[in-house]
J.: 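First the structure, then my questions, so here it is.
Every chain is numbered from 1, with letters handed out A, B, ... down the list of sequences.
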Amino acid sequence: MSTPTHSPISNSRRGVIHTWSRTLIPTTKDAPGDAESPSHRLLARAGYIRRLTAGVYDYLPLATRVLRKISDIIREEMDSAGGSELLMPILIPMELFAETGRAEAYGPLLFQMDDRHGRRTALGPTQEEVVTELMRGTVSSYKSLPTTLYQIHTKFRDEFRPRAGLLRCREFIMKDAYSFHMNVEGKGGLNDAYDAMYKGYVNIFTRCGLDFSVVEAESGPIGGSASHEFMVNCESGEDTILKCPVSGYAANAEKCEIGERGAPSKGYFGGEASGALEEVHTPGCPGIEDVCKFMKVKASNMLKTVVFQSEDGASWVVAVVRGDHDVNEGKVRDAAGFKVKLADAAQARAKGFEIGFVSPRAAAGKAGVRLLVDKDAAVSFDDAKGKPMFWVTGADKKDHHLKHFNWGRDAAEAVPVATVTDVRNAMAGDPSPRAKGAALVAQRGIEVGHIFKLGTKYSDAMGFAIMDETQQRKSVIMGCYGIGVSRTMAACVEMSHDDDGIRWPLPIAPYHVIITPMKVEPESRAMQAACELSGALAAAGFDVLIDDRDERPGVKFKDADLIGIPIRLTLGDKSLAEDSVEFKLRSAPAGTGGFVKIAEVVRKCLEAAR
RNA sequence: CGGGGUGUAGCGCAGUUUGGUAGCGCGUCUCGUUCGGGACGAGAAGGUCGUAGGUUCAAAUCCUAUCACCCCGACCA
């Protein structure tokens, strides 16, 4: 499929002309005291958003224009990826969630209320149940599939702690899409739709002018690389992603694989002890940090032992990583072969695990307990230093730790039952899983899109199965694909701003051009020129804002920079005397505008818009 | 949910320790002077001090309760 060139400017669409004094753009010098992140501060100061209550915002006219531009790009790409737009209710009866068990999965994150009849109702956090309910009532033949449906709508999540303005809200705008298939592979299968969505997402964020990364995320139920996150690259982002500079591999820190780490010279667990085993009294030090401080050892010399349980509590998994590493629950789950949760402290004690002071030895000799040891923890000889590894670990009794722990000598019963594998989070500097010799680098990002292969999770739970061409009844296979629209707007500001204000990429700027006449009397030369120019620009497809306020120039310039319109045309006596206007890009430093003949302005703007 | 903090004019804040008739800056309105990077002067409007009780001759200030909001952490398709 050939991708048409998407110029943000098109003369098939007439632009709008708005005047500042007739719209609502309440800029302020001071941001609300509670606004800390740049996007929150600037969107508030520039008159885009106002908070109504925790995590709930008004989108004022400027914000609404940006949201619409993002939404329009999304619509075009969704439509060309084969999606059909629809609108589903926000009010969802709780019975639907009971079918899938998502009420429990969501927990208090799900907004709930009772209507006047006492019917329990939820405010939709996403609409998997609703769309599945819709489809199961309307589609009964394989001939109707595949289908992809999407909507752009308000979503609700009762976040414990909404924060950072639009980045984590309780009420937000999201594009959610759902695809339905009879098969995973082949024509019309889930993989095709997923790939089309992947490409569509790349197009969307590219067209929005965002600097973004696509990363592998926690796998869906089908396995493989069944989930991708789209992250705006930005230092202030909440999420850490790891990238291989050679292969281009990128993944969420929670998901990231670690490449070949090189076997220790004396083999796993092999090597002599660093000294005689010694028990140390460590009062009030259950955490790694406390012990390190108390015993004056580095975290990288600690063995961290974390106890997990299966969901039903019957099976146990003990994971051991180096003290400066973090256990990765997903990797533990994959290695164990069943879903795990952090062990209940009381149950763990009853099983003989002295939580806070557990050593790897505790995993031996207990029924139904598996021992997983991370590769970096399963060594007894320190190849880097060329001497025995000095380990400190728990002593399996309260307030005590062990010095000079040695796997072969002190955990002889545990070693034979241990599985050496990768059970920790990847970190910057770890070997890349896709390119030999390359090291992973860390980067921060803001998640703005996430695509999933759902499989039959919802269709199974809700009994959505239809006849295929071989007259077999089969559960419908689904994919789901989300974009945080309001979050994308905020993420863009996080990514693109300076001390003076927002710097919108042209495709999603609320207006492309701001005209700043120095005199605003209707009969003034400046206003006359502003009217003529705005007409010509609008005819060429530009959205134009005329700052017709009777303010001093400094105020207008500051506000223009603050709200971030990409092109500014300043109409003053000096330039008008030469039949010119001053042309300045928001991205250029202050005071660097140049004169452009009025007759040339449209051409110049078109040039800048490319 | 753990820890910390804040509610006083549209916005930003002082005043609370030591109770005594509610203040500053920005913004708004009027008049005048200004007019290319957040001007100046004069005047004006605007607050049941989050809410409810209590103590007191007197409460923004002290006591009790309650509500709201924010930050850090945990959690998070």
Side-chain angles (χ1 to χ4, degrees), chain A residues 26-37 40-41 44-47 50-56 100 102 105-110 124-129 155-165 167-170 172 174-178 217-221 226-230 238-239 252 254 329 341-342 446-454 457-458 478-484 487 499-501 516-521 524 526 547 549-562 568-576 581-582 584 589-593 595:
Chain A
T27 59
T28 59
K29 273 192 195 175
D30 294 311
D34 52 45
E36 302 228 320
S37 65
H40 190 186
R41 287 182 60 81
R45 275 193 60 210
R50 298 286 263 224
R51 200 192 77 232
L52 182 61
T53 183
V56 178
T100 58
R102 270 220 303 174
Y106 259 101
L109 215 53
L110 189 65
T126 54
Q127 259 87 345
E128 278 86 355
E129 287 82 359
K155 297 280 187 291
F156 296 85
R157 282 185 197 190
D158 196 1
E159 295 280 352
F160 271 129
R161 183 155 101 77
R163 76 186 104 168
L167 287 174
R168 186 159 297 278
C169 284
R170 295 198 298 163
F172 55 99
M174 182 173 169
K175 187 282 302 182
D176 48 325
Y178 308 90
E218 182 67 20
S219 288
S227 176
H228 286 89
E229 286 176 347
F230 291 74
E238 281 190 321
D239 298 304
N252 194 311
E254 282 84 56
E329 208 174 297
K341 60 177 185 182
L342 211 54
I446 301 169
E447 179 188 350
V448 289
H450 201 157
I451 57 178
F452 270 94
K453 293 182 185 176
L454 284 177
K457 181 177 171 188
Y458 290 91
M478 295 171 58
C480 76
Y481 319 90
I483 291 179
R487 181 187 271 187
D499 289 345
D500 293 319
T516 309
M518 289 295 97
K519 292 199 173 71
V520 296
E521 295 73 29
S524 67
D547 188 353
R549 295 174 303 165
D550 187 13
E551 288 287 354
R552 297 169 59 82
V555 174
K556 292 189 172 196
F557 294 147
K558 285 288 185 192
D559 272 349
D561 287 347
L562 182 58
R568 189 181 82 205
L569 302 176
T570 309
L571 277 49
D573 290 337
K574 275 177 279 181
S575 55
L576 289 172
V581 304
E582 187 181 321
K584 183 190 169 296
T592 57
F595 284 7

J.: I'd like to know if A:E128 pairs up with A:K457 as an ion pair, taking the criterion as any Lys NZ or Arg NE/NH1/NH2 lying under 4.0 Å from an Asp or Glu carboxylate oxygen.
T.: no
J.: Sequence neighbours left out, what passes salt bridge (Lys or Arg N to Asp or Glu O under 4.0 Å) with A:R163? Give chain and number order.
T.: A:E238
J.: Counting Watson-Crick and G-U wobble pairs only, both distances under 3.5 Å, name the nucleotide matched with B:rA52, or none.
T.: B:rU64
J.: P atom, B:rG41 versus B:rG25: distance in rounded Å?
T.: 11 Å
J.: Name the pairing partner of B:rC1, where a pair is Watson-Crick or G-U wobble with both distances under 3.5 Å, or state none.
T.: B:rG73
J.: With both distances under 3.5 angstrom, what nucleotide forms a Watson-Crick or G-U wobble pair with B:rG20?
T.: B:rC57
J.: Please give the nucleotide sitting opposite B:rA14 as a Watson-Crick or G-U wobble pair, both distances under 3.5 Å, or none.
T.: none
J.: Could you tell me which nucleotide pairs with B:rA44 by Watson-Crick or G-U wobble geometry, both distances under 3.5 Å, or answer none if nothing does?
T.: B:rU28
J.: In whole angstrom, give me the gap between the C1' atoms of B:rC63 and B:rU17.
T.: 16 Å
J.: If I pick the C1' atom on B:rU16 and the same atom on B:rC49, what distance separates them, to the nearest angstrom?
T.: 11 Å
J.: Closest to the A:D30 side chain: B:rA74, B:rC11, B:rG38?
T.: B:rC11
J.: B:rC69, B:rC35, B:rG12: which one has an atom nearest the side-chain heavy atoms of A:P32?
T.: B:rG12
J.: Out of B:rC26, B:rG37, B:rG10, which has the shortest distance to the side chain of A:R568?
T.: B:rG37
J.: Given the C1' atoms of B:rU18 and B:rC62, what is the spacing between them in whole Å?
T.: 11 Å
